[in-house]
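Both ligands and their constituent atoms are indexed starting at 1 by order of listing.
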Amino acid sequence: MPNSATPTHCPYCALQCGMNLTPQQDGGVAVVERPDFPVNKGALCGKGRTAPAVLAQGVRLTSPLVRSGGTLVPASWDEALDRIAEGLGRTRTEHGPDACGVFGGGGLTNEKAYSLGKFARIVLGTSQIDYNGRFCMSSAAAAGIKAFGLDRGLPFPLEDIPKTGCVILVGSNLAETMPPSLRYFSELRENGGKLIVIDPRRTRTAEQADLHLAPRPGTDLALALGLLHLVVAEGRVDEEYVQERTVGWEEARAAAMAHWPEYVERITGVSVPQLRETVQLFCEPEHAMVLTARGPEQQSKGTDTVGAWINLCLATGRAGRPLSGYGCLTGQGNGQGGREHGQKADQLPGYRKLDDPAARRHVAEVWGVDPDSLPGPGRSAYELLDALGTDIRALLLMASNPVVSAPRAAHIEERIRSLDFLAVCDVVLSETAELADVVLPVTQWAEETGTTTNLEGRVLLRRRAITPPEGIRSDLEVMHELAARLGGEKGLEKGFPTDPEEVFEELRRASAGGPADYSGITYRRLVEENGVFWPCPAPAAVHDGSAGSQDSQDSEDASLDALAGADDPTRDAETDAPTDGTDDAVHPGTPRLFLDRFATPDGRARFVPVSHRAVAEEPDDEYPVLLTTGRVVAQYQSGAQTRRVDELNNAAPGPFVELHPRLAARLGAAEGDPVAVISRRGRAVAPARITTGIRPDTVFMPFHWPGEGRANTLTNPALDPTSRMPEFKACAVRVEAVKS
Ligand code: SF4
């Protein structure tokens, strides 16, 4: 174990703030500022500062658990692994491979996400794998691929934001989700740039904006169309750019012209003068950006909604140019990398498509299997969860807590309970783990090495700082052991190394030539360069990675310390190029995409003609109000980790229902009174939080908690037809005062 500070990254959100971890006498670590990491320059939010609390005994799991007589009891690793192999193996034999499901998470490192996709397809032979990132950013990914031919959250680094002229932030509450990122927007305004925030609530982020637009939930597609209409009407289209760098403008223009401002005002509630002011602020500077987050994305028309914002950027020449562009602010810690390397239902590593014969051949060769043996695409996340207990009889779940985070959560909880067999790998006993037949306690960020890819597409190395307690193993070890048990004589475990660097070396080869090409990235470069932006191809063959030959976690610390400063005889000391002549230059990585051409066959971006349509569940007499959901600063996602941290829990101890004073008055509810929110899927109760910062026709609930205040009991699983993302952001509800 190193005895000085270890530079690493936060375990939580996609900003992946840099931090140093210093060992403490009690065997734990303390978080210390790491000013040399450019993204956050030492700043951290409360979640990052308190992350070591989840490493503590009594908070985290320390022993495998198996269900016995209806309760979970401690067991040996061998017994627990045998039970999982038996449960999955029996299901596969009796019902076929697709009766085994695998569900991953956007918090898994690239190495784990890659191995999980490979494990599902090679060891289990199932097509039924997806992950919770589907709930997070898949609409933006689908829209980005349609328009630009490539999805990378931000096609430029955050450092470009202060230098642009205007940013429209759509459905993003960065002040609560990733506070250190706000400095980029403060600097933008200090430099004279403008910030426009679009959110149905006057959030802490909206309070910092030059202009806040508060549309009805689910109408931001119409809002973007109305803005594009005005851009055309006011003669602000960049005709030369549209001519040279795009296709499809006439259809998109026609669709926008059907959304005249007064019509858009009626749909959205945003006034025509506000629409005109937005267009003026966005179009007048030389450079401008649109950034979207979960607001426009988590809709049953999320792909079209993001597409409408991209159309606005394309029509005004604000994509693929310096200091201008469209970007998605990815949410989960490895939400970006987790969507690139094969844990998605339709995907192979390197962001390749599972139904592409050439992609199948390439990856099958790396994996040493017949391409025809690879299953085809499977179900998306919600559809997979909805099939539990029917088509899918057994589930292996890593780093996800769908009992709290899935839409229509009571139904999903019931589906999980109806499984023949459930195995969960997690660091804590989450609400989903509580339902498992076997729970495996796995290592956490400070206890393991691995790469993540932040919202900018910057690949980073998290480094192990402390030795995990006895009884804890890594997810990579779990997959290795299960492959050995399920593969029998085939020796499948050889394809599942336990050393993360060895996995990364294979990931490099599997990604080579794909859209998300990591083949030119090495652990050594990640240490020396503080991260590398993909795509980063190796100009020639990918070297065989002799530095990645360690075969146990115990050797990681020494290996990485050596990498940071030692001579590697296979690489040139200055350029990092191989010395064997296979590689003649090191690719610097790609901080900025699309400057010369988009990633489409002809290099031009695609306008996608889109039109407004209503939310899947419009308010009516029975359910007259719209519910929207989101996050608070002191909790993270399903709260499985952060609800176990005293400081965070004290700051945000439970759910609440945010509502306008007019609605509260109609109900006769005062601040703090319990109110019931009822949708077609269930009922949740939480204290009222009354504020004029929300529309009178809308209520808001954060989704971090289980139990009677579980917001996702209410949410609508209506799926976007392209991205298969559920409509978390808008469903019809009735709100009632709860009589005591
Ligand atoms: Fe940074 Fe996000 Fe971690 Fe907060 S949760 S410290 S914003 S990475």
Side-chain angles (χ1 to χ4, degrees), residues 6-22 29-55 105-110 133 136-137 153-154 157-159 161 169 172-186 203-205 208 291 293-294 328-338 399 405 427 444-446 450-463 465 530-531 630-645 647-649 651-652 702-704:
T6 303
T8 189
H9 298 272
C10 176
Y12 296 118
C13 85
L15 202 57
Q16 283 297 282
C17 292
M19 57 172 59
N20 284 321
L21 297 180
T22 55
V29 284
V31 171
V32 180
E33 277 188 10
R34 183 184 163 192
D36 69 303
F37 184 63
V39 174
N40 62 310
K41 293 192 174 152
L44 296 167
C45 78
K47 297 184 287 287
R49 272 192 300 98
T50 59
V54 187
L55 296 163
L108 293 175
T109 61
N110 291 320
C136 178
M137 43 25 74
L154 294 181
L158 286 163
E159 69 186 48
I161 289 173
L169 201 51
S172 171
N173 186 5
L174 291 169
E176 305 263 359
T177 55
M178 43 182 75
S181 69
L182 276 187
R183 78 173 168 89
Y184 293 101
F185 299 89
S186 304
T203 62
R204 286 167 52 195
T205 310
Q208 302 189 29
L291 304 178
R294 304 303 81 76
C328 154
L329 297 157
T330 297
Q332 293 194 77
N334 196 30
Q336 181 66 52
S405 61
V427 298
Q444 304 182 46
W445 101 113
T451 61
T452 60
T453 306
N454 83 346
L455 76 174
E456 306 167 288
R458 190 191 304 247
V459 185
L460 306 163
L461 187 67
R462 280 196 201 149
R463 295 176 59 175
N530 238 343
R631 290 171 47 187
V632 297
V633 66
Q635 300 288 352
Y636 181 69
Q637 307 293 30
S638 82
Q641 292 137 292
T642 49
R643 281 186 275 114
R644 288 170 163 82
V645 179
E647 184 179 328
L648 300 177
N649 241 358
F703 67 88
H704 309 291

> Tyr12 heavy atoms, cut-off 4.0 Å: which ligand 1 atoms fall inside?
Replying inline: 5 (S)

> Is the backbone N or O of Phe703 less than 3.5 Å from a side-chain atom of Arg631, with the two atoms forming a donor-acceptor pair by type?
Replying inline: no

>> List ligand 1 atoms under 4.0 Å from Cys45, heavy atoms only on the residue side.
In response: 4 (Fe), 5 (S), 6 (S), 7 (S)

>> Treating Ser181 as the side-chain partner and Met178 as the backbone partner, does any N or O pair qualify as donor plus acceptor under 3.5 Å?
In response: yes

> Looking at Pro180, which atoms of ligand 1 are within less than 4.0 Å of one of its heavy atoms?
Replying inline: 7 (S)

>> Please identify which of these residues, Asn454, Thr453, Thr452, meets the side-chain hydrogen bond (donor to acceptor under 3.5 Å, both in side chains) condition with Gln16.
In response: Thr452

> Does Ala652 offer a backbone N or O that forms a donor-acceptor pair with the side chain of Gln635 under 3.5 Å?
Replying inline: yes

>> For Phe37 and His9, take the angle between the two ring planes, folded into 0 to 90°, and tell me which bin it lands in: parallel under 30, tilted 30 to 60, perpendicular over 60.
In response: perpendicular

>> Once you restrict to heavy atoms under 4.0 Å, what part of Met19 touches ligand 1? Side chain, backbone, both or neither.
In response: neither

>> Considering Pro11, Cys10, Cys13 one by one, which has a heavy atom nearer to atom 2 (Fe) of ligand 1 than any of the others?
In response: Cys13

> What atoms in ligand 1 come closer than 4.0 Å to a heavy atom of Cys17?
Replying inline: 1 (Fe), 6 (S), 7 (S), 8 (S)

> Near Gly48, which atoms of ligand 1 are under 4.0 Å from a heavy atom of that residue?
Replying inline: 6 (S)

> Between Asn334 and Leu108, is there a donor-acceptor pair closer than 3.5 Å when you use the side chain of the first and the backbone of the second?
Replying inline: yes

> Hey, which atoms in ligand 1 end up nearer than 4.0 Å to a heavy atom of Met178?
Replying inline: 7 (S)

